[in-house]
Amino acid sequence: MPRAGSAGATVEVRVELKPGVMDAEAESVQKSLHLLGIPHVGRVATARVYTLEFEGVGPEEARRLADEAVDRLLANPVINRVSVLPRPR
């Protein structure tokens, strides 16, 4: 267990649908924007963003743990594309 004040790292995981995968929520938002009279919206896409704050590990270990979270829980490699980026704490 990490001690108070110990180093840590923050990672942002962004999960989007791959091109060609139906994004029903985005389609609904695009239609609704049009109905609301908000013009010129050519495309809408959705994404989930997870901010993972790791305690007691450096950036490399945080990235490894974030990649494991993506592989085991956060994304489906068949339909999702993922970016994992370090974030300042």
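Here the structure is a predicted model, which is why all the values come from computation and not from measurement.
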Worksheet item: Looking only at atom types and distance, does a side-chain atom of Arg14 sit under 3.5 Å from a main-chain N or O of Ala47, one as donor and one as acceptor?
Response: no
Worksheet item: How about Leu17 and Asn80: do any of their side-chain heavy atoms sit closer than 4.5 Å?
Response: yes
Worksheet item: Once you round to the nearest 0.5 Å, how far does NZ of Lys31 lie from CG of Leu36?
Response: 14.0 Å
Discussion item. Membership question, hydrophobic clusters at under 4.5 Å side-chain separation (ILVMFWY): are Val44 and Val15 in the same one?
Written reply: no
Practice prompt. May I ask you to check whether over 12 heavy atoms, not counting those of Glu12, lie within 6.0 Å of atom CD?
Written response: yes
Worksheet item: Is Lys18 atom NZ crowded by more than 12 heavy atoms from other residues, nucleotides or ligands, each under 6.0 Å away?
Response: yes
Worksheet item: So if you build clusters from Ile, Leu, Val, Met, Phe, Trp, Tyr with side-chain heavy-atom gaps below 4.5 Å, do Met22 and Val29 land together?
Response: no
Discussion item. In this structure, would Val82 and Val49 fall into the same cluster of hydrophobic residues linked by side-chain contacts under 4.5 Å?
Written reply: no
Discussion item. Could you check whether any side-chain N or O of Arg48 sits under 3.5 Å from a backbone N or O of Ala75, counting only pairs where one atom can act as donor and the other as acceptor?
Written reply: no
Response to the item:
Interatomic distance, CD@Gln30 vs CD1@Ile38, rounded to 0.5 Å, equals 12.0 Å
Discussion item. So Glu27 and Asp23, do their side chains get closer than 4.5 Å, heavy atoms only?
Written reply: no
Worksheet item: OH/Tyr50 to CG/Leu74 distance, rounded to the nearest 0.5 angstrom?
Response: 5.0 Å
Worksheet, complete the sentence: So CD of Glu53 and CZ of Arg87: to nearest 0.5 Å the spacing works out to 10.0 Å
Worksheet entry | Val70, Thr10, Val13 screened by side chain to side chain contact (heavy atoms under 4.5 Å, CB included) with Leu52, the one that passes | Val13
Worksheet item: Arg63 and Glu60: salt bridge (charged side-chain N to carboxylate O under 4.0 Å, His left out), yes or no, with the steps?
Response: CA-CA 5 Å; Arg63 172 61 191 246; Glu60 296 82 15; over 6 Å; no
